[in-house]
Each structure stands twice: as C-alpha cells, then as structure tokens.
Amino acid sequence: MKALLIGESKQGKIEDSTYELVGFAKQFGMESAMFIVAKSDSQIAYDGKVYLADSDKYKEYNPDAHKKLIEEAINKENPDYIIFSHSSYGWDMAFRVAADLKVAPISEVVDYKDGTFVVPCCNSKFRREVKPKTDKAVLTLQGGAFNPVIEGTPQVETLDIGDVEPSVEFIDYEVQEKTGVDLTKAEVIVSVGRGVGKKENIEFEKELAETLGGELGASRPVVDAEWLDQSHQVGTTGQTVAPKLYIACGISGAIQHLAGMKKSGFVVAINKDKDAPIGEVADVFVVADVNEFVPILTKKLKSA
Amino acid sequence: MKILVCVKQVPDMESKFKIDSSSKWYDQSDLVYKINEYDEYAAEEAVRLKEKVSGSELTVLSIGPERVKDAIRKVLAMGADKGIHILDNEEHLKDPFQKASAIAEYAKSENFDIIFTGLQSQDRGSAQLAPLLAGMLNYSFVSTVVAFENKEGYVEVARELEGGLRAKVKVKLPAVVACQLGLNTPRYPTLPNIMKAKRKELKTVNIEELLKVEPLIETEKVYFPERKAGGIVLEGKADEMADELIKILKEKTQVVK
Ligand SMILES: Cc1cc2nc3c(=O)[nH]c(=O)nc-3n(C[C@H](O)[C@H](O)[C@H](O)COP(=O)(O)OP(=O)(O)OC[C@H]3O[C@@H](n4cnc5c(N)ncnc54)[C@H](O)[C@@H]3O)c2cc1C
C-alpha cells in the first residue's frame, strides 16, 4: 500500500498532526510520500519524499490551488490512500479531492485493519467499520489516534502549477485573545456539560470546584450558549488540559471534547446515560442525575 | 437571492441506542428525532440572509422517511418559504456521496446562489456532504463557518481553525457554506409561524428520481466501543455513590485527602 500524506502548516509552522499521518503510514507498513504547502525553507522531520508548494505563493489556505497541487502530487505518486488530518484544513480539502477523483471518502479514521477502517459515529457512541469500494480512498485521521513519528530528512521537490484563480480567498488570521482562566495549570478541573440543563445549575459545579481547589471547565455547547465564557472550554477548539483529577458533569464525551482532556490523571464522569462515550476514558463512571449528585458530593467533601 | 438549506433529522443523542439486526446501523425504532444540531445554525443563517436580501427565496430540503417532514416544517416555521422532501426509507443505508449526488441532481436546475448545510451530522459525523455537493455542482465551498456576512456578489466568512484561531475568508458565489456550532442563536418558531408553516408548499420527490450513483463506501458493521479497562461504574443511591466515590478518590488521587 502506498500513501500520500497531506501535511499542514499554519502561521508558518508545520502542524504536529502532520507527524501523526507519518505515524499511521509507519504503523501499518505503508510506503509514503508527503505533500505540503509551507514556507520554502521549512524544516520537516520526515524520511521520504516531500512535494512542497510555497505558502508565500499559494497561501496556507487557498483550496482551489491546493486541490490542484494535491492532484499534481497524486499524479506523480499514484497512491492508494490520500491521507489528511481530520482538522479544519483536512475536512475542507479532503472531500473536494474525493469529489474530483470520485474515490471513496472516509472520515475520522481511528483504526485500520486489512483494508477496513474504523470510524466513530453518533458522537462516538458507536464505532463503524467501513470499506472503500474504489481502488483509491481519501482518508482523514482523527487527531491523537495515531502516535506521531518525527524523524529523518526529506528529499524535497518543489511543486509549482502557476497561478490559479481562487473562488475562496484567504484574507487574514484572527487570533482570539486569551483572557479568563488558564486551565492548563489546574490540578483539578470540574467540567460542565449541557447535561446540567441550565446556567443556574452551574453553581453546583462551581461549589464542587471550589471545595476541591480546582477550576471550572466546560464543553462547547455550554460556551456557545454563553453559560460560561470561552476560556473555560476544553477540547479541540478550546484548551487541552491534563489535571490530576477531571470531573465531567453531564458531558457526553464527544471526540472533540475527549481530545482536550484524555491525558488527565484520573477521570470521573457523572452522567445519567450509562452508554455515554465519556465511559471510554472514565476511571469512575457515576450513573446519576448530575444536579442531584454533585451537591451531595460537595456536602460530603466539605464535612470530610 | 435563491437560497437552499439542507437539514438532516437525527436521533436525540441521549436516546437509548441499540444496534439493528443487520449490525450495520442503529435500530431506528423507539428513538426521538430532531434536527441535526449543526443544521439548526445553517437554517438560522439561511433565514437571516433571506430576511436581509429582499426578493430572496429560501427552500429547505431533507432526505429521509416520512418523519423528516417534521424537520422541514420546523425550518418552514423558522422562516423558509418552501420545502422539498426527498423521500427515502433507506436513507440510513446511503453514503454521503449518494446523498450529495441526489441533492446535486435536484439543485443543478434550480441555480441556487447559496446552499447552507451543517458542518456534519450528529449521527454519521462524516462532514462530507457539503464538500461533495460543492464539487458536484462546481460551487465554491467553505467549511467550519462561525461568522457570515453577505457582501455585493460575494460573502465574507470566518472559519474556525484549531486552538482559538480563525481565518477570515472571501467566498465567491454560488457557494456551499458548511456551518459550525455557535454561528448564531437559532430562533424558536413562534406559534403563529408554526401555523403558517402548515400552509407552505412542501413537495415530495422520490429518491429514485434523483439518485443515479452507487455508493463509494460500504459499512461492514456497527458496534459499541469498549469502556476504559478497569473503569468502575457506580450505580444506585446518590448518597452511597458519593461515599464510594470519595473513598476511591482518596485511594487513587492525591487531590482528595
Ligand atoms: C470542529 C468541532 C470542534 C469542536 N470542538 C469542541 C471543543 O473544543 N470542546 C467540546 O466540548 N466540544 C467541541 N465540539 C462539539 C462536540 O462535538 C460535542 O457536540 C460537545 O462536546 C457536546 O457537549 P456536551 O457533552 O456538553 O453535550 P451533549 O453531547 O449534549 O451531552 C450531554 C450529556 O449530558 C447527559 N445528561 C443530560 N442530562 C443529565 C442529567 N440531568 N444528569 C446527568 N447527565 C445528564 C447526557 O446523557 C449526555 O451524555 C466540537 C465539534 C466540532 C465539529
């Protein structure tokens, strides 16, 4: 099997996820080459061929040009699998390429065995095994599912396809300023999910966090509903945390949330649904109504 | 402007799921269905655009069995003008490529200026439909949209990237726009609007009329993942579980003494 790995660079830096693609290819004994749009003097730690297109010319986000460039690399390599990260870049680019080439698109791969791919479904309640029906396949790999391999010196070939008229034009990055809590230093995080029901109920988790000397975290819907500000959000689009104790209150455990907290030392989940996928990472799973259980727990901790 | 919004009906993710007898999907009986969360943001943005640009027409489309009419009606009550129901009792067995091609088949003669979808569905979660559809129609495409503004002849959006970073992007029309959570605050339809929606046009088309392609992927099986090895499950009275949990935390962590 031969893989073309589609790396990413953002704000001039090679994304760590790029090396997870390399890890995937290595883990399953695939031959590989890489394609990336990046600065022409980028240092890429990879033992193989890299097709590099200059990001000064093609921008870090310019889907029309990137698609053409990727297809150029596909022509040169004739890979079985064209592999992206399941990231904002990956899911924007990957399936345009799949649509163009009419090859099987497979999203969010977490495992692979003998031509079959394992992907999550229903907010990761289930796993699904899927098989491409075409010779080639376009894959996106879930972040954190495969160990990165960062080694070697590549043979770089520069790709240039002239100018491409863009239908989508990158204007600029907007960096959101970081204010509020820094969860990365917290030893204990009590995290609030949509399961608490309403904003007022967060008082229970706040009191628990205070009792344990910890900070308040949140899942994304809690932030989207403006129950807590963005600095509390844990996950791929929030903070990545690794406290000694993480208590997930009414959080289902979607992949994007798990990605931000699965390195926690000890995980307690409080959820009324015993099948909630947070169970995959929970050391203790308390099957309970969070609004009933948390106040009782806090009271007992206080008097202990 | 001619606007289309595609919505999917999905089970409430808190439902008790069972695997069906074919082991290829979840059992669809005894589930409570609602509009895919991501699509609610798409619907709201579509309605806002329609309200802003006078003379616009907004169509809402959904593929699935009879029950998906509820999802269509809800978007009609939010403010869409008419609905298209692509009737397919086996929607769950189609792959995103097939669904995208059915929508493309319908949309190609309609000349929509802009098509809104959610970024992904809560059940399949592949995030493939929108980019495949854009590719088939040869439309511009942009995903993970968290801010949207209509300009003269193009739209300006913010894409959400990882770790608190966003990218401002200019998109030529016609375009497919895949909406991310938090883009706006979806409205609740009012009772008068729910009543009005019942009188709006809702046309049904059979999937066979639109679907001309074979799937590109095949699902072999669906199953529950394994829990964390050694994970403890506590069930029963809250009071007793709290005592037990405190005991475990004292043993296993240094944070509770
Ligand atoms: C690109 C992208 C990026 C994302 N980034 C993030 C991110 O950074 N962080 C993040 O968190 N999410 C992120 N998400 C969203 C993610 O997919 C989930 O939608 C989200 O994590 C769900 O939040 P939740 O668990 O609070 O809500 P739900 O999934 O709605 O879960 C609520 C849970 O509460 C339980 N519950 C309900 N009532 C009670 C009760 N009374 N007592 C006990 N339990 C109860 C339910 O059983 C359920 O398990 C992202 C999604 C995408 C597509």
Side-chain angles (χ1 to χ4, degrees), chain A residues 61 87-88 91-92 95-96 99-100 104-108 116 120-123 125-134 167-176 187-188 212 220 224 236-237 244-245 252 266 268 273 275 279-288 292-293 296-297 300-301 304, chain B residues 13-14 17 26 96-97 122-128 131-132 134-136 140-144 158-162 164-172 181-182 215-225 227-228 231-235 238-239 241-243 245-246 248 252-256:
Chain A
Y61 180 72
S87 60
S88 57
W91 64 60
D92 197 274
F95 312 118
R96 298 173 194 262
D100 236 31
I106 299 180
S107 311
E108 229 183 338
T116 301
C121 79
C122 284
N123 251 347
K125 276 206 169 185
F126 303 119
R127 292 284 179 276
R128 209 154 55 90
E129 288 188 6
V130 297
K131 233 186 175 137
K133 297 184 81 156
T134 53
S167 64
V168 178
E169 224 174 310
F170 174 76
I171 303 171
D172 206 355
Y173 286 118
E174 293 174 346
V175 185
Q176 277 159 301
E187 293 216 328
V188 177
L212 291 167
R220 181 176 179 133
D224 285 340
T236 47
T237 45
K244 288 185 176 149
L245 174 62
S252 61
F266 198 84
V268 176
D273 174 9
D275 296 327
E280 275 183 73
V281 298
D283 294 283
V284 180
F285 192 113
V286 181
V287 185
E292 183 196 348
F293 183 77
I296 293 174
L297 179 65
K300 286 188 185 270
L301 281 166
Chain B
M13 288 299 136
E14 291 176 26
F17 283 94
Y26 54 79
F97 177 73
Q122 287 171 280
D123 58 356
R124 241 178 200 269
S126 334
Q128 293 177 1
L132 294 175
M136 291 167 186
S140 314
F141 168 64
V142 66
S143 70
T144 52
R159 296 191 64 219
E160 183 183 56
L161 313 179
E162 288 71 23
L165 193 66
R166 291 174 166 203
K168 245 170 95 181
V169 171
K170 204 172 144 174
V171 186
K172 276 191 196 151
L181 305 172
L216 295 181
I217 57 174
E218 191 182 334
T219 297
E220 307 245 283
K221 62 175 176 189
V222 170
Y223 52 94
F224 283 102
R227 287 181 172 273
K228 178 162 182 161
I232 302 166
V233 179
L234 299 180
E235 280 180 281
D239 195 63
M241 289 191 292
D243 287 335
L245 178 59
I246 292 170
I248 297 169
K252 301 273 174 74
T253 74
Q254 297 110 41
V255 293
V256 179

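Sequence lines set the chain letters: A, B, ... in the order given, protein chains first and strands last, and positions in each chain run from 1.
- Arg96(A) approaches Phe141(B) most closely through the heavy-atom pair NH2-O, 2.8 Å.
- Here the side chains of Leu181(B) and Arg220(A) are in contact, with some heavy-atom distance below 4.5 Å.
- When Pro120(A), Ser87(A), Pro105(A) are compared by the number of non-hydrogen pairs under 4.5 Å with chain B, Pro105(A) comes out ahead.
- With chain A as the partner, the residue from Val233(B), Val256(B), Ile248(B), Val142(B) showing the most heavy-atom pairs under 4.5 Å is Val233(B).
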### Query
So Val175(A) and Leu165(B), side-chain contact (heavy atoms from CB on, under 4.5 Å) or not? Walk me through it.
CA-CA 5 Å; Val175(A) 185; Leu165(B) 193 66; 3.7 Å; yes
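- Most heavy-atom pairs under 4.5 Å with chain A, from the set Gln122(B), Arg124(B), Arg159(B): that is Arg159(B).
- Each of Ile171(A), Thr134(A), Leu301(A), Ile296(A) has some count of heavy-atom pairs under 4.5 Å with chain B, and the biggest count is that of Ile171(A).
- In this structure, the separation between OH on Tyr26(B) and SG on Cys122(A) is 5.0 Å, given to the nearest 0.5 Å.
- Minimum interatomic distance between Leu132(B) and Phe95(A) (heavy atoms only, all atoms of both residues): CD2-O, 3.5 Å.
- Closest approach of Leu161(B) and Thr237(A) over heavy atoms only: O-CG2, 3.9 Å.
- Of the listed residues Glu169(A), Glu129(A), Glu187(A), the one with more heavy-atom pairs under 4.5 angstrom with chain B than any other is Glu129(A).
- Side-chain polar atoms of Ser88(A) and Glu162(B) form a donor-acceptor pair below 3.5 angstrom.
- Between chain A and the residues Glu160(B), Lys172(B), Arg166(B), the most heavy-atom pairs under 4.5 angstrom are made by Arg166(B).
- Of the atoms belonging to Glu280(A), heavy atoms from both backbone and side chain fall under 4.5 Å from chain B.
- In terms of heavy-atom proximity, Lys300(A) sits nearest to Ile246(B) at CB-CD1, 3.5 Å.
- Atom CG of Asp275(A) sits about 10.0 Å away from atom CZ of Phe17(B), to the nearest 0.5 Å.
- Contact record, Glu108(A) with Gly125(B): OE1-O, 3.7 Å, taken as the closest heavy-atom pair.
- Your options are Ala167(B), Ala238(B), Pro225(B), and the one with the most heavy-atom pairs under 4.5 Å with chain A is Pro225(B).
- Note: Arg128(A) CZ to Thr219(B) OG1 = 4.5 Å, rounded to the nearest 0.5 Å.
- Of the inter-residue distances, the one linking Asp239(B) atom CG with Phe293(A) atom CZ reads 9.5 Å to the nearest 0.5 angstrom.
- Going from atom CD of Glu174(A) over to atom NZ of Lys168(B) covers 5.5 Å, rounded to the nearest 0.5 Å.
- Ranked by non-hydrogen atom pairs under 4.5 Å with chain B, the options Asp172(A), Leu212(A), Val286(A), Asp273(A) are led by Asp172(A).
- Within the 3.5 Å criterion, the main-chain N or O of Met13(B) finds a donor-acceptor partner in the side chain of Lys125(A).
- Side-chain contact between Lys244(A) and Thr253(B): absent, with no pair of heavy atoms (C-beta onward) separated by less than 4.5 Å.
- Of the two parts of Phe126(A), the backbone and the side chain both hold a non-hydrogen atom closer than 4.5 Å to a non-hydrogen atom of chain B.
- Other residues, nucleotides and ligands contribute over 12 non-hydrogen atoms within 6.0 Å of the NZ atom of Lys133(A).
- The two residues Ile217(B) and Ile106(A) come nearest to each other via the heavy atoms CG2-CG1, 3.8 Å.
- The most heavy-atom pairs under 4.5 Å with chain B, out of Thr116(A), Val281(A), Val168(A), come from Val168(A).
- Counting heavy-atom pairs under 4.5 Å between each of Asp92(A), Asp224(A), Val268(A), Leu245(A) and chain B puts Asp92(A) at the top.
- Residue contact with chain B, scored on non-hydrogen atoms closer than 4.5 Å, is absent for Asp100(A).
- If you check the side chains of Gln128(B) and Ser107(A), you find a donor sitting under 3.5 Å from an acceptor.
- In this structure, CD1 in Ile232(B) is found 13.5 Å from CZ in Phe285(A), a value given to the nearest 0.5 Å.
- Between chain A and the residues Ala158(B), Ser143(B), Gly182(B), Gly231(B), the largest count of heavy-atom pairs under 4.5 Å involves Ser143(B).
- With a 4.5 angstrom heavy-atom cutoff, Pro96(B) does not touch chain A via any of its atoms.
- In this structure, chain B has heavy atoms under 4.5 Å from both the backbone and the side chain of Phe170(A).
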